[in-house]
Structure formats: C-alpha cells, structure tokens
2 protein chains.
Amino acid sequence: MTLTPLPSAFDLDSQTLRLLSAVAEYGSITRAAGVLGFSQPALSQQIKRVEARIGMPLVTRAGRGIRLTDAGLVIARHAATVLAALESASGELADLAGLRSGQVRLSAFPSASSTIVPRLIRSMGEEHEGVRFTYLEAEPPEAIAAVRDGAIDIAIAFRHPADRDDPFAAGAEGLVVHELARDELLVLVPHGHGALRQPPGSEHPASSGAPDPAPAPAVDLADLRDETWIAGCPRCRAHLLDSCARSGFAPTIAFETDNFVAVMSMVAEGLGVALLPALTITASPLPPGVASAPTTSGDHRMIVAVTRPGADRVPAVGETLRILRRLTARPADAPATSASHPRLPARAVGPRSPCPRLDRSGA
Amino acid sequence: MTLTPLPSAFDLDSQTLRLLSAVAEYGSITRAAGVLGFSQPALSQQIKRVEARIGMPLVTRAGRGIRLTDAGLVIARHAATVLAALESASGELADLAGLRSGQVRLSAFPSASSTIVPRLIRSMGEEHEGVRFTYLEAEPPEAIAAVRDGAIDIAIAFRHPADRDDPFAAGAEGLVVHELARDELLVLVPHGHGALRQPPGSEHPASSGAPDPAPAPAVDLADLRDETWIAGCPRCRAHLLDSCARSGFAPTIAFETDNFVAVMSMVAEGLGVALLPALTITASPLPPGVASAPTTSGDHRMIVAVTRPGADRVPAVGETLRILRRLTARPADAPATSASHPRLPARAVGPRSPCPRLDRSGA
DNA sequence: CGGATGCATCACGTCAGGTTATGGAGAGCA
DNA sequence: TGCTCTCCATAACCTGACGTGATGCATCCG
C-alpha cells in the first residue's frame, strides 16, 4: 500500500538550491531574501511553489522564524556541489571572456604563413597568454569553405578588387569580409631592366598598406608587353592576365608555378619577368639580381579576413581580428614608406611549400 | 586595454546546462528539443537568450547544423556534474517521499511510552525500514509546546473533553489536533470493594477505544464519595476533581503522586481508591488485590496526536499519523471488547520514570 | 534541380515570478 | 499584561521570460 504519489521527477533547478541554501545559511527567509537581492515575499512564495511541485514542505515555521524540513535540508545540502560546479563553469566562461583561455582556428594563404600569421600569433601570445591557436595554411577558396562549415574561425585571404565576377564574392556569400590591407602587385624584373628607368613623373600609388620593402619608381606594365612572363598559381595567373589586359596586352606566359620562390629565381636567372604581391617578397627576400617595382596602374590585391557572421563575438576570435587589423593597418595616415611596418621575424613559422593544395576555384 | 565587458557574473542555471548538454549530445537543436520535450524554436531562442546574457555565442552554424563554441563546450562539459548532483538530490527527495528515509520526532506522555509508542515505532519499522524516530517522553503541555516551536513533529497527548476551559485548548491554538481514541477512566478499588457489586443494569460505555484489559460492570462514582482518594499528577488531579464534581461530591484526597504504579500499589495496600486511565493499566498490570471498573458516567479522556498544520505533508510524519490512527482505531465498528486491540509488547521501550518533568500548565 | 532537413525569426499567449501593501503570530521588554 | 518589533504569509498586480505554431532561408541529397 503505497500512499505516496511518488512524483516521477523532482525537477529541481539550481535556483531552488540557491534559495534553500541561503535560507539554511541565514536561518531566515527575510535575511536570505535580502542577501539574494529580492524581497521577502518573493522568496517566500518561491519556496511555496517548489513545495507544491515536489509535494512536501521544505520549511516549517518555528516560533517567529523557520526551520528546514528533512526535504529542505536535502536540497540545501546538495546546493554546495551544484553551485560550486556552476561557479566553476562561470569561471571558465570568464576566462574565455577575459582572453585567459580560448582557441582560435586560423587559416591563411601561403605567403601570409611566414609574414602576417606569425606576427599575429606572437602578438596575441604577448597580450593574452591563454589563447591557443591552430593554424592551417590554405588557399583562399578552401580557407573560406572551411570557415563556412565551421572548421576555421578566421581565414586570412585576398581578393583582386578589379575582378569583375570575383569567384571570391560567391564563395564568401553569407560570410563577413574584413578588409585588412592593400597588397601591391610588384613587377619583378632583372636588375637594370629597361623598364625601371621610367620618367620620374610617373605616379606612385598613394597608399601601400602591405609590406613594401623595395620602394621604386612605378613601372608601366605596358612597357613589359613583349617580355616573357612567369605566372603563379591559377588564381594569380588570372590576376596577371587581368592586369595586363587593362594595360592593353596579353602577356606571353612561358612558365607557371605556384611556388613564388621559384618565380623569383626564374626572374633572377633571366627567364622572364613576373608580377608578384609585395607580401611574397616580404615573405622571401628577392634573390640578388632581381628588382621590384609597383605598377603605374596601381595593381594590387586586398588582404582580407573572413569569418562567419558573429564570430567576432567569440572573445578570442574578436580580439584576434582586432589585433590583425592593428598589425595590418598603416600607422596613422602617414604615406606608405618602407618603414611603415615593423620587420617581420624571418620565418617564425616554418615555411611550407606554397600552394600545396588544389585550388578548386575556377580561374 | 581590456576590450571585453567582463560581466561580473555569468549567471548560469541548471536549465541552461541541461539544454547545452542535450545539444552537445544530440548534435542538433531540433533533436535536442525533441528529447527535452519542447519545440525547436523554444530551444533555439532559449540558447539565444543565454548568449545575450553571457555575451558570447554558444553555438555557431556549421553547414546545415550547428557546432558548439568554446563557451558552449564549457557549459556542456559541466552539465554532467551539475545534473548528477541534482539527480542525487532528487533521489533523496524520492526516498523521503517513498518513506525509504526520513525522520519523525515523536513525543508522548508517560503511559503511552510503553503502550502506543513502541507499537507505533515497530509498525513503522516493519513497513518503512528507512524512517528513523526520535522519542521524547513529555507531559502534554510540554509536548505541545515542543510541537509549537518545531522541536517535535508529533505529540501524543490527551485531553479531558469535559473540561470547560481546557488548558489544552489554549496550548494547542494554531496546531492540528487529531483525535485518536477514547481512554476510559477506571476506578481502582481493592478487590471485593462494595462499589463493584452494582446492579447489573448499569450502562456500560458504548465505546472504549483505549485498551480495556479488565471489563467489569460500571461503578457509580457517587458510591465512592466517602472513600479516601489517591490523585495523580496535577492535571490528573484536576480531572479527578472534575469527575467527582459531576457526580456531586468533592473527593477527599490523601495522596498525590504522578507515578501511576505507585497509585496502584497504594490501592493494593488499601490506602484509598483512585481513578486512572485504562491506558495506565495496560502499561503496567494491576497488582494483585486491585480491581478496576469504568464509571457509570463514562468518564474518559481523549488521546490525541498534535502536529503543526501541514506537518502531515511531510511523508514520514503523515505516514506515522496514519499508522497511529490505524493502531488506535477500534476495528470496524464492532463494539469495544477486551480483544479490540492486539496485545502490547511488554516494555518494548525501556520505561522511564513517569512524569519526570515539570508540568508547567496551571492545573 | 526539386525535396527534405535544420536553424532563425515572427507574432502571440500564458504564467512564473517579481513587486508593494497588509495582516497575524511570536518574542522581548516595560 | 500590553506594546512593539520582527518575521512570515497572503493578496493584488504587473512584467517579462518562455512556450507555441507559422514561415522563411540555407544546406545537403537524390
């Protein structure tokens, strides 16, 4: 003969434990309510509601005050455990918010691997020791796909603003693109090449956000129309064709490689000329015998960070983006000079063979 | 430069943990919502609310589904601890509700100590092994005071229904009085006393809920007006005076003692006659040479249980009251006989000196 | 290229849970 | 004994948290 209704689930919640614990500690509903920050009736009827739910009294009046029943004591006794665990979780959340922990999954294209990325990670490490990074080198299309499906938090990528139908735009649909810096496209020619001796009146690009280790008078691409060209990876090749087209010619491309060090070497050997982003030259110094110069038409690409919308609300990710912007911003609004940026620590990240992965974007 | 708002308290609650835990486990808001028993939008916006409160995202979209962020993982990870503790508390509450644990603080007057109380505790022990008892022998006024200030859950007491201004009524103000049984007041006289030979037509009290080990023809108190009386404790003495007054005389009281065994011995020694509740005779058998008989006026006291209002909602207390009623009820509506009640186990509880405490109630 | 799946958003209703005001019981004190 | 202070219970009321169903959009799949 079971006379008890035996409610299948005594749905307790942390709030209930908090209340009972306070009542147990302070021995009075009024004082507990005060400590917990609300009025006495609130606590009083809250307790009454819980009693109704679990079907037994939690407190009984004793003289002017109250006493916890067995059930009330059970609840109060477990409160410590539960509240400690919640406190612990809270603490970890505070660590995340305070950048004392957290993780950022980063991806960037090859020439950023040895320039922007190590600087970024070092800066974050100096300011926020607890934040960990994972890094995956990947070409922009893959990196953006990884962001899209949540495998990567921040993709450092680039796009060619002149491109009409930028494959980038389609890939980044629904994602947030943070513009970081211009990266000038520099002509690479053998030292003493005739194109370098331009009339000095030729305009220099007004701004050069990306590292610009070899300031030189700008070169008109059209002067190189008859050269043999060395092209980079498929997307780079497309950009080359585009730039040349806007200068009115179609380049003769004799070599293609996605290894920009190889491109430089080829130029040094006199096999042809090339158009490389300034960042690649920052990443790997020009070999002797090769000179670089911006173009008169200001060819450049934009270096961007791509994230999911709202990703910057993850503290570690938001802070990483902030530092990333700071590192790639030109100081104040001073004109770009070779001193615009601190020297990159040479090869702080072990270099990997550039473009090790398939570029699936149609070129 | 702290850019994070660092909300001082990430007020988590168990519900949040439950939700995130389910989402982590099932990998999908929709499925988690299904398991938790509500709709997908409910869970979706609940998560959103928590995110707003703690200031960082807990989930991010990943393809068609979602992924937990670091913060979300932190919360989900702590869920096990918290939910286990809640489950444990729940289990203990279920034990209390299922009478597998719990405690009843009991108090009763002396002659119940060796009659009702041991039977009660034994019965509870047989049916509900986990329930523990504490027992304090006390006269009704003290016992009721103890109930009032929460030191005792159930006081087994008695009252004299004939009393006009029963001090009991005042003391039990605001408490619940459960009537348990009539306890006949029996006249104690030496064997062969003339009053015992009454005309057989004298009426016998219709009901005799309390133990009645020696059925005998009723005696008219008035026949004992010239006897020397032995009175009990102050309250018992008051009841004696009252009963005699209603029979039209004032008794000559030669001895007073709150020790009912002593009263019996005195009667056996021929020092006088007495009026004792039947229960005292059940508690301690009449010595040889003493006879007992009910009165023609049906003098009795009521044995009652007194609790705080709502105390029966404490499962162990409620069940104790239930068993107490069962033990003291006369079977069905059969007329009272000497076989009405099971024999009491003799002295299952070590006897204590009766009335060891001051009776503070004015008599 | 539909169809199925999963999340987000909207509009809306309900009730849990807060507030203030007030009443009654117990304890301390004159 | 009676006054007063303290503490809890209750009532009336209001707000917002949180549920629902309907709907839209993105993604994955055959």
Side-chain angles (χ1 to χ4, degrees), chain A residues 11-16 18-20 22-23 26-53 57-69 72 144-151 170-175 308-310, chain B residues 11 13-16 18-20 22-23 26-53 57-69 72 144-151 170-175 308-310 362:
Chain A
D11 38 331
L12 297 172
D13 66 314
S14 54
Q15 186 61 8
T16 300
R18 215 186 301 275
L19 302 186
L20 266 289
V23 170
Y26 298 105
S28 136
I29 291 185
T30 300
R31 258 182 296 167
V35 171
L36 293 171
F38 32 56
S39 67
Q40 170 264 318
L43 185 44
S44 196
Q45 40 193 6
Q46 178 64 22
I47 291 175
K48 197 156 276 290
R49 272 188 286 268
V50 176
E51 288 177 340
R53 196 166 60 220
L58 299 176
V59 299
T60 66
R61 301 213 50 159
R64 191 163 50 176
I66 51 158
R67 250 180 43 88
L68 292 183
T69 64
I144 288 169
V147 169
R148 173 174 306 287
D149 56 51
E173 186 74 26
L175 301 181
R308 299 188 65 89
Chain B
D11 38 331
D13 66 316
S14 54
Q15 185 62 9
T16 300
R18 216 186 302 275
L19 302 186
L20 266 288
V23 170
Y26 297 106
S28 135
I29 291 185
T30 300
R31 259 182 295 169
V35 171
L36 294 171
F38 31 57
S39 66
Q40 170 264 317
L43 185 44
S44 197
Q45 44 194 6
Q46 179 65 24
I47 292 175
K48 196 155 278 289
R49 263 177 239 125
V50 176
E51 288 177 339
R53 196 166 60 221
L58 299 175
V59 299
T60 65
R61 299 214 51 159
R64 190 163 50 176
I66 51 155
R67 250 179 44 86
L68 292 183
T69 64
I144 287 169
V147 169
R148 173 175 307 288
D149 56 51
E173 185 75 28
L175 302 180
R308 300 188 64 90

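Naming convention: chains lettered A, B, ... in sequence-line order (proteins, then strands); numbering from 1 in each chain. Quick note: numbers below take in every heavy atom, side chains included, and nothing from hydrogens, waters or symmetry partners.
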- prompt: What's the CZ-C1' distance between Arg61(A) and dT6(D), to the nearest Å?
  reply: 10 Å

message: With rounding to the nearest 0.5 angstrom, report the CD to OG1 distance, Gln40(A) to Thr30(A).
response: 4.5 Å

message: In the structure I gave you, are the side-chain heavy atoms of Val59(A) and Glu51(A) within less than 4.5 Å of one another anywhere?
response: yes

- request: Measure from CD1 on Ile47(B) to C1' on dG19(D) and round the result to the nearest Å.
  value: 15 Å

message: Distance check needed: dT27(D) C1' versus Arg308(A) CZ, whole Å only.
response: 11 Å

- request: Can you figure out which of dT19(C), dT9(C), dC7(D) approaches the side chain of Phe38(A) most closely?
  value: dT19(C)

Selection: residues 39-46 of chain B, any non-hydrogen atom under 4.0 Å of DNA chain D: Ser39(B), Pro41(B), Ala42(B), Gln45(B), Gln46(B)

message: Can you give me the closest heavy-atom contact between Ser39(A) and Ala33(A), atom names plus distance?
response: O-CB, 3.5 Å

task: For the residue pair Arg31(B) and Val35(B), establish whether any side-chain heavy-atom pair is separated by less than 4.5 Å.
output: no

task: Pick base, sugar-phosphate or nothing for Arg49(A), based on heavy-atom distances below 4.0 Å to the nucleic acid.
output: base

Distance in angstrom units between Leu19(A) CG and dA16(C) P, rounded: 16 Å

- prompt: Just to confirm, is there a sub-4.0 Å distance from OP1 or OP2 of dT6(D) to any side-chain nitrogen or oxygen of Ser28(A)?
  reply: no

message: Can you measure Gln15(A) atom CD to dG17(C) atom C1' for me and round it to whole angstrom units?
response: 10 Å

- request: Give the rounded distance in Å between these two atoms: CZ of Arg67(B) and P of dC7(C).
  value: 14 Å

message: If you compare every side-chain N and O of Arg53(A) against the phosphate oxygens of dA16(C) (OP1, OP2), does one of them come in below 4.0 Å?
response: no

field: For the student: nearest non-hydrogen atoms of Pro57(A) and Gly310(B), plus distance
entry: CG-O, 4.2 Å

- request: For Ile66(B) and for Asp149(B), locate the closest nucleotide of DNA chain C by heavy-atom distance; then report the residue assigned to the nucleotide nearer the 5' terminus.
  value: Ile66(B)

field: Distance in Å, Thr16(B) OG1 paired with Asp11(B) CG, rounded so as to fall on 0.5 Å steps
entry: 8.5 Å

- prompt: If you look at every heavy atom in Leu175(A) and Val147(A), which pair is closest and at what distance?
  reply: CD1-CG1, 4.0 Å

- prompt: Would you say dT9(C) has OP1 or OP2 under 4.0 Å from some side-chain N or O of Lys48(B)?
  reply: yes

message: Check the phosphate of dG26(C) against Arg148(B), side-chain N and O only, distance under 4.0 Å to OP1 or OP2. Yes or no?
response: yes

statement: Per atom distances to the Ile29(B) side chain, the nearest of dT6(D), dC8(D), dC7(C) is dC7(C)

task: Calculate the interatomic distance between Arg64(B) atom CZ and dT27(D) atom C1'; express it in whole Å.
output: 6 Å

task: Please report, rounded to the nearest Å, how far the C1' atom of dA25(C) is from the CG atom of Leu175(B).
output: 12 Å

